[in-house]
Amino acid sequence: MHVGLTQVLILSALLFCIGLYGILVKRNLFAILMCIEIMLNAVNINFAAFNYFLPMPDLSGQVMMIFSITVAAAEVAVGLAIIFKIYHDFKTVNIDKINNMKG
Amino acid sequence: MNIYILYPEITVLLLTLLIVIMDLLLPVQETRRSLAYIAVMVLGCLFISLFYQYHFGISPYFYNKLFYFDNYAIFFKQLFLLAVIFTIMLSLDYADDLRYSGEYYAMLLFSLLGMMVLASANDFVTMFIGLELMTISFYILAAFKNNDENSSEAGIKYLIMGSVATAVTLYGISLIYGAGHSLDFNVLAAETRFFVPLMLTGIVLLIIGMFFKLSIMPFHMWSPDVYEGAPTPITGLLAMGSKAAAIAVFIRILFVAFLHTANYFLPVLAVFAAICMIGGNIAAIKQKNIKRMLAYSSIAQVGYILVGFCAASPQGIKSVLFYVFLYIVANIGAFAVLTVVDKQNKGTDDKAIAGLSKSAPLLAMVMTISLLSMAGIPPTVGFVGKLYLFLAVVEQGYIWLAFIGFIMSMISVYYYLRVVKVMYIGKANNDYINVSAAIKITVIISMLTTLLLGIWPQYLSVLTNFAAISFAL
Amino acid sequence: MQGGLLVILTDKLFYGINYLSGNEFISQLIMVIVQIMAIFAVISLAAIIQVYMERRICGFIQDRLGPNRVGPWGLLQTVADMIKLMGKEDIIPVKAQRILWGITPMLLFIPAALIYAVFPFDDGAVFVDLNVGIFFVMAVMSQSVLMFLLGGFASENKYSFMGAMRAVAQMLSSEIPMAFAVLAVVMVSGSLKMTDIVAAQSNMWFIAVEPLAFIIFTISILMEINRTPFDLVEGESEIIAGPFTEYSGMRWALFFLAEYANLLSAAILTVTLFLGGWHGPVLPGILWFLIKVFLVIFLFMWIRWTYPRTRIDQMMALSWKVLLPLALFNIAATGIGIYIYNWM
Amino acid sequence: MTDSLLSMILLAPIVAVVLLLFIPPTAKKSIKLIAAMATGISLLMTIYVYINYDNNLGGMQFMQSIPWISDLGVAYTVGVDGISLPMLFLTNIIGFAAVFSSWNINERPKEFFILLLILLTGVMGTFIAGDLFIFLLCYELVVIPIYIMVIIWGSTKRVSKEYAGMKLTIYLLIGSAFMLVGIVALYLQAFPAGMRTFSIAALSQAHLLGTLSQSFQIIVFLLLLIGFGTLLSMFPFHTWSPDGYAGAPTAVSMIHAGVLKKIGGYGLIRLGLLVLPAGAKFWAPIIIVLALGNVIYAAYVAIVQKDLKYVIGYSSVSHMGYVLLGFAALNTISLTGAIANMVAHGIMSALFFAMIGYVYEKTHKRSIDKLRGLAHQMPRIAVGFMLAGMSSVGLPGLIGFMPEYTIFLGLFKVYPFLAIIAVSGIVFTAIYILRVLQKILFGPRNYGFDAIPDAKGPEMVPLFVLGSVLILFGIFPQLLLGMINGTIAPLQSFLQALNNEPSLLVVWGGIW
Amino acid sequence: MTEFMKMLLLLVVAGVFPIMAMIMPLLIEPRQPNEEKNSQYECGVDTIGRNVPRYRISYFLYAIIFVVFDVETVFLFPWAVKFNVMGLFGLIEMFIFAGILAIGLAYAWKKGALVWK
């Protein structure tokens, strides 16, 4: 089996779609947060793959990946904190029940 | 490596750290106002010093042209400084009620830092960092009110939608990287192979992501909830700062990196602008909560701003800058008033602002003028801004867009005037609203700017012209 | 190529196989499999030896004999234990989430085995000399906490779950100081490659250059592998056996094996990073390596039977409030030191 | 001095606004005095300008121009000619009268007079602006104060004042949106980039340069027609007008009916005719048809109205039809008549609304059925009613006669048949005016009103001022017509040239 | 034979090895399950409902801090590798970075996030 750019891109696209699907389907906030992580990791795979397989003038793809990992971590940290607050206020982490504002 | 051009960012960063440290040193019960004063002072000095950085000739850049310090960036940096300074001023009273007011100011400054980076970003890495620094700070700020369900809800909704937008944007960027072999706008601009499917998909995803961030109409569903739930000063900053910053970088992306494809995406943008103007204004009509109404109205405002994009000319960009400025000024006024009302009457719906003209005539006046400026009624600066926008776009042949724009801005008067009506003839909740000096200063500055620039926009016009010619269109 | 005893041996073997098979690829494949087998042999054998050592040392420190019945000096005691474990019934608790519960011990073994790939046992004797070696080690090592969490969660047992949460807490606190301690080493050696790090110690061991980092590293690696005084995860007197409470028979043995594999890798890591790896006078590298590794294991056991178990808050406080600031300070000091050294 | 005279006329109310901002709301008398003084000063200066305007010279006089926004080519330009000076005069005299007719406002007077003065500034600015940008600025400035005044001080009768205010505002703003699009297109089309200007004088020359193609003119004129036509309450877009007047407070009704509507007519002549002659010519037949709708339909509706304000509201719609007729006939005589009729109608409708305001204020009644015999108790108000009514009917010797006569004269030359139909509108006018006057003023004494005092003191000022102008211009129409003619007459050749341009009728004829 | 393939092979073997180890005892182990034996290991009394205890919020506070710090190391490692090359610039960078980290730590400390409540 040959693992080339195409295969990696397909993998990342699949991951991305899985994440997106999860966000749309899952109702648990933690699960949604995880799905977002999956999406971001799909992107990381893309960057690394492009940087690895294609003749790039620099390592900007990998740099971008590192930053993207960091940002994802920060996002998760903030997300967790907000989910605590949600749980504190709503006593649930089901996103369907978190629906005070409408209109 | 001329590091001095980073001085605004470095100043803001040091200021933020200083505030974090001071916050740690202060005893818990003590008010954090001193931090706010320090921040306002330093940012004010920075704001003034940036006037001296406008320059002719080649723009200084930092590290391989990844970070530009051109007039355009300076203009936007000043805008963000303005927005944050006034946000701090109008949240002085508000922040006293918060449990972590020190962090509140620190997060404001972090978001400012993100915006400032965005204004200068000339490659996707820098842009991404700026964007996320700003957005993540906003996630926190949106959920900042303690024991407030709406605030938490706003925070989580913003987080989820914002993260998805980030992921989509990033995915787009990664495809662009794969097709264009670089993340640098300048290099991408030299790239001519735009019609590779990979590149096109990337551009489309990137634009969709940006539309999410800008809450352009079909991608706007998060914004009304977030605007309603977030603490009022933060709603203001969301409406002004985050949008302006996203616009700042969006212009660079479209008109530096993907200038070649302009002919293809401009009609699309025009359609989205029309959707925003129509949808935003019509949805705003039936809103009872003023923050929510302003959320929809801000969707419409972004529609107007997109109109300026469609012109794809220096005049277009100049009109966008002009409009963004006036939009920020108008929002400062409106949200300062809402902040006071929210604090006094515990809400921002019609009941809360009823009879404001009796209990606080100044606030009612400022609110009216700010709203009229958003609607584009003379003699407020909103009129001049709209005129610039539509002049620029009609010159490029989009007369239908101008037509929709003018009609919709007149329809928007309907719901703005509804607020005015409630303020002027509604029954007041309390006889007298005490308005603090900081708020008074804020609203008076906002009002005077709106009116004076509306009558005599010469200086701002020159400044925006100066900033807009940073682009080789 | 220059190489130690092990490398010479492998080269000889490779020539032999190549001669027999005649196909380079196949012989390479066979060589890799042989190497993998060797790694597993090392892990299994080391586990048996370590268990025996542990008991003897425990006995010695507690002033008693320890195992001395099975075989000469009780040497076969561990083997007997193995056989006993194999013969035990595999009890599956009814409430447990069966699949997750079942695969946990197997998954746990993967990270434990995987990090052996990058250890330089001798001059040139390294399975895969990754250019991000130490980073890889840290990344993979921290994966095992996931299995603890999984096992504890899937067991549907209070003790298991508490143990799992403790495991997470412990990993949270050990990882950062460890990473920062390693960082200082990386700064000095200028590479993430394990072989480079060892090579950089040919003149002077890093324990002399970075004593503070050594201490921080040792403490945090003890936390990482759940050794006493940080064996909160399976504190017998508190939560039965932590995540392993519901496991028995061979499954439990796998946990056990992974744990001792981790202990060995911790020792190897310490040796590689701070004690000069296989470097040493006169004797062949592999011997020096083994001596150092078993000395470090002895040190760990000594610590184990000397200190009482900490409370979780003590452990967290130690790592976040003592080790982390120290590690930060250490990085700064190293930075300045290197700068001054280069300047001179 | 004479250069900045117009600016000073404009500035006087603004200075007063700034002054008023610092006066405490409780000092009601001083507020009113300041407002009266400001409008009075403006009025006096306007009269000075009116007297010193050189009719023989014609054209723009008292010009002042200051560069304003360089990159748009905007200059602050003010100046008056024979078209705008009567309008300016009208504005000031009605503004002055409006201040006094609001003398009895005691609820939040500070805000009322501030808004009133802003309103007046906007209207004045519109008339004297020599630059399209300034024109727009002032044009839209007036809408919002009106809205606020209607919702706070207005009255709710048949429709609620909020509804009336909003309807008025939205109609006018949507109309102005059309107009803005037209102006933007005009601005961009008239001159090439770099030479663009908002100067009305320069734009008036643009059609000579040939940059404005015929089809362009036709389209833009349509947009302007919708915009200004809405303001002028042209037939299908007139419904805001009666409702708005009914809801508005007296002063606003006066200014709105008296002055504001005239901006529509003024704009049509100043921008529509002078800048886009081909467009004007093209749409003239349509305008005539719609204007007939105004004249006949509105008059007919006015007959059946019960509410006094609605009667006058529809009457003003009807009168605007004459103005449109005069405009659409496109000859010097009818144009002169149209402009003069705007002045005439302004004065009389302001007087009407002022009087209605007094009646309503004193009796709290506006219904024609409930009022009768007012002449017994309030002879002074009755005089005002009579003056305005007779003028409206077109009694010679009052202001209303000459303009209408001139319009018919001009129209008859072009469309004799339509002119005859239009003249029949006068009959309707006479019917509803006389009916109203007869019902409310005359007839048996209503003893219920005995305790109600007649207008006196400051309340007499509007009656006196407006009435005297009414008579003065009625007896000496040359004062007005001469000035207008001085500017319109030179357009003879310009209008003559239009005969060659196709009109809608011709195009239709071609299609058939 | 690339590094990647070798690693993959190791991974596969590491996955297979425990399975082998699990299969072996199947031959000799006794199989006599009963209800008592298969019940959860508790203190003699069956738990009603799910057997998962509530856990402390402190875990999450630590987790959040951990995530942040752990990711910082991602930046520090490349820097550390190239430290010798970068000279003074690297040193200053390091001080800025470590300084910000230290402030972060101090912040968490002072705010009581590092207290095991």
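Each chain gets a letter, A, B and so on, in the order its sequence line appears, and its residues count up from 1. Side-chain atoms are counted along with the backbone in the values below, which use heavy atoms only and exclude waters and symmetry mates.
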Answer whether the closest heavy-atom distance between the side chains of [X] and [Y] falls below 4.5 Å.
X	Y	result
Met171(C)	Phe66(E)	yes
Val13(E)	Ile33(C)	no
Phe77(E)	Val182(C)	yes
Thr73(E)	Leu183(C)	no
Val186(C)	Trp79(E)	no
Leu10(E)	Tyr116(C)	no

Going from [atom1] on [X] to [atom2] on [Y], what distance comes out if it is rounded to the nearest 0.5 angstrom?
X	Y	atom1	atom2	answer
Phe109(C)	Phe17(E)	CZ	CZ	4.5 Å
Ile176(C)	Phe69(E)	CD1	CZ	7.0 Å
Leu88(E)	Asn342(C)	CG	CG	11.5 Å

Chain E heavy atoms under 4.5 Å from [X]: which part of the residue, side chain, backbone, both or neither?
X	answer
Ile312(C)	side chain
Leu257(C)	side chain
Phe180(C)	side chain
Val132(C)	neither
Leu254(C)	side chain

Distance-only check: which donor-acceptor pairs under 3.5 Å involve side-chain atoms of residues 314-335 of chain C, not counting sequence neighbours?
from      : atom 1 : to        : atom 2 : distance (Å)
Gln314(C) : OE1    : Arg311(C) : N      : 2.8
Ser319(C) : OG     : Ser173(C) : O      : 3.2
Ser319(C) : OG     : Met316(C) : O      : 3.3
Asn330(C) : ND2    : Glu210(C) : OE1    : 3.3
Thr334(C) : OG1    : Glu210(C) : OE1    : 3.4
Thr334(C) : OG1    : Glu210(C) : OE2    : 3.2
Thr334(C) : OG1    : Asn330(C) : O      : 2.5

Of all of Met138(C), Met106(C), Gln35(C), which one pairs up most often with chain E through heavy atoms under 4.5 Å apart?
-> Met106(C)

Residue pair Leu114(C) / Met7(E): nearest heavy atoms and the distance that separates them = CD1-O, 4.3 Å

Does any heavy atom of chain C fall under 4.5 Å from the side chain of Leu11(E), the backbone, both, or neither of them?
-> both

Chain C contact via Phe95(E) - which portion, at a heavy-atom distance below 4.5 Å | side chain

With Lys6(E), which of Ile36(C), Leu130(C), Val32(C) fulfils side chain to side chain contact (heavy atoms under 4.5 Å, CB included)?
-> Val32(C)

